[in-house]
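Hydrogens, waters and symmetry mates are skipped; everything else that's a heavy atom, side chains included, is used.
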Amino acid sequence: MKVAIGGPLKVAFRPWVEGLENIPAEGPAILASNHLSFSDSFFLPAVLDRKVTFIAKAEYFTTPGLKGRLTAAFFKGVGQLPVDRSGARGAGEAAIRSGMEVLERGELFGIYPEGTRSPDGRLYRGKPGGLARVALATGAPVVPVAMIDTEKIQPPGKVVPKLMRPGIRIGKALDFGRYQGMEHDRFVLRAVTDEVMYEIMKLSGQEYVDMYATAAKRQLAEAAKAARESEKAEKAQAGG
């Protein structure tokens, strides 16, 4: 897949990269990145020599029919693992288990601490459950990563990407060994997550918003719904 997808991506988009030397040549590490576009999970692995494993919703792997089989083969090929989001704890526990398994094999595990794509290009509060717990349980270093301008290439809802040059900025690895064995302390999990998000903010230059991206998306959806209803009411009033 690095040849079939990574090669053409680098030729077509010519992504620039800073800090490649901060990726460990061997051994486990967590790549914690901001999340601007669906294409983030392809651009980052394309510029690295080592394999990076991300997680993806299980629906990508279980859709029936020819299209479903092709989609499943594609996501498996690019190194994504299916995560079942059902159950009491949902995606969080599944992501933690998947991450630990990848790191125990001495590989690179990619994760988006925001939990979802940014709705407006700003950096949102990191969720403490997945990233911090995996880091503290495994002792793996956390490498902060900033994706630059990928949201301009493929905004949410757009299928055909725009040809332009994105960037990837990789920071120095963070060691949280001082918190070893404290992966169930919610204050420690919050502190670890906030430290990682601060490093991502410095690398990306994004405006930071102290709320979860999922909450921001709900607010935007509610505002859009209210605007549509208001417009509908105004048209009805004018017609009456």
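- With a 4.5 Å cut-off on side-chain heavy atoms, Met197 and Glu114 count as touching.
- Qualifying side chain to side chain contact (heavy atoms under 4.5 Å, CB included) partners for Gln206, counting only residues two or more places apart in sequence or in other chains: Asn34, Leu36, Leu123, Ser204.
- Summarising the geometry of Ile200 relative to Pro113, their closest heavy-atom pair is CD1-CG, 4.5 Å, with the distance given to 0.1 Å.
- For the residue pair Ala132 and Thr193, the shortest heavy atom distance occurs at CB-OG1, 3.7 Å.
- Residues that satisfy the ring pair (Phe, Tyr, Trp, His ring centres under 6.0 Å) test with Phe43, not counting sequence neighbours, are Phe13.
- The line from OG1 of Thr138 to CZ of Arg133 is 12.0 Å long, rounded to the nearest 0.5 Å.
- Using a distance-only test at 3.5 Å, with no hydrogens or angles considered, a donor-acceptor pair links the side chain of Asp185 to the main chain of Val188.
- Side-chain contact between Ile30 and Val143 is absent, with no heavy atoms from C-beta onward closer than 4.5 Å.
- Counting only heavy atoms from C-beta outward, the side chains of Glu107 and Pro28 never approach each other to under 4.5 Å.
- The residue from Arg105, Met100, Glu104 that alone fulfils the side-chain contact (heavy atoms from CB on, under 4.5 Å) condition with Val102 is Arg105.
- Leu220 forms part of no hydrophobic cluster, judged by ILVMFWY side-chain heavy-atom separations under 4.5 Å.
- We find the CG-CD distance between Leu103 and Glu101 to be 10.5 Å, quoted to the nearest 0.5 Å.
- Following chains of ILVMFWY side-chain contacts shorter than 4.5 Å, one can reach Met182 starting from Leu189, so the two form part of one hydrophobic cluster.
- Tyr112 meets the ring pair (Phe, Tyr, Trp, His ring centres under 6.0 Å) test with His35, Phe54; sequence neighbours excluded.
- Using a 4.5 Å cut-off between side-chain heavy atoms of Ile, Leu, Val, Met, Phe, Trp and Tyr, with links allowed through other members, Phe38 and Val52 fall into the same hydrophobic cluster.
- In terms of modelled atom types and a separation under 3.5 Å, the side chain of Arg50 and the main chain of Gly27 share a donor-acceptor contact.
- Taking both residues in full, the closest heavy atoms of Leu9 and Ala46 are given as CD1-CB, 4.4 Å, listed atom of the first, atom of the second, then distance.
- Side-chain atoms of Ser230 never come within 3.5 Å of backbone atoms of Ala226 as a donor-acceptor pair (strictly under, hydrogens ignored).
- In this structure, Arg186 places its CZ atom where only 12 or fewer heavy-atom neighbours from other residues, nucleotides or ligands lie under 6.0 Å away.
- At a threshold of 4.5 Å between side-chain heavy atoms, the hydrophobic network of Ile, Leu, Val, Met, Phe, Trp and Tyr places Ile148 and Val196 in two separate groups.
- In this structure, Leu44 CG and Ser39 OG are separated by 11.0 Å, a value rounded to the nearest 0.5 Å.
- Expressed to the nearest 0.5 Å, how far CD1 of Ile153 lies from CE of Met164 amounts to 5.5 Å.
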_Chi angles and distances behind the side chain to side chain contact (heavy atoms under 4.5 Å, CB included) call for Val192, Leu131_ = CA-CA 9 Å; Val192 169; Leu131 165 66; 5.5 Å; no
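- The closest donor-acceptor contact from the side chain of Glu151 to the backbone of Ser37 lies at 3.5 Å or more, if one exists at all.
- Residues Asp40 and Pro45 come closest through the heavy atom pair O-CD, 4.1 Å.
- Contact record, Gly130 with Ile111: C-CD1, 4.1 Å, taken as the closest heavy-atom pair.
- Linking Ile, Leu, Val, Met, Phe, Trp and Tyr whenever their side-chain heavy atoms come within less than 4.5 Å puts Leu31 and Val47 in one cluster.
- In this model, no donor atom of one side chain and acceptor atom of the other lie less than 3.5 Å apart for Tyr179 and Asp175.
- Residue pairs satisfying the side-chain hydrogen bond (donor to acceptor under 3.5 Å, both in side chains) criterion with at least one member in residues 209-225, sequence neighbours excluded, are listed as follows: Thr116-Lys217, Arg125-Asp210, Arg190-Tyr212.
- Applying the side-chain hydrogen bond (donor to acceptor under 3.5 Å, both in side chains) test to residues at least two apart or on different chains, the pairs with a partner in residues 11-26 are Glu18-Arg169.
- Around the OH atom of Tyr198, the shell of radius 6.0 Å holds no more than 12 heavy atoms that belong to other residues, nucleotides or ligands.
- At least one side-chain heavy atom of Leu20 sits less than 4.5 Å from a side-chain heavy atom of Leu48.
- Residues Val17 and Ile23 share a hydrophobic cluster, clusters being chains of Ile/Leu/Val/Met/Phe/Trp/Tyr side chains in contact below 4.5 Å.
- A salt bridge links Glu231 with Lys235: the distance from a Lys NZ or Arg NE/NH1/NH2 to an Asp or Glu carboxylate oxygen falls below 4.0 Å.
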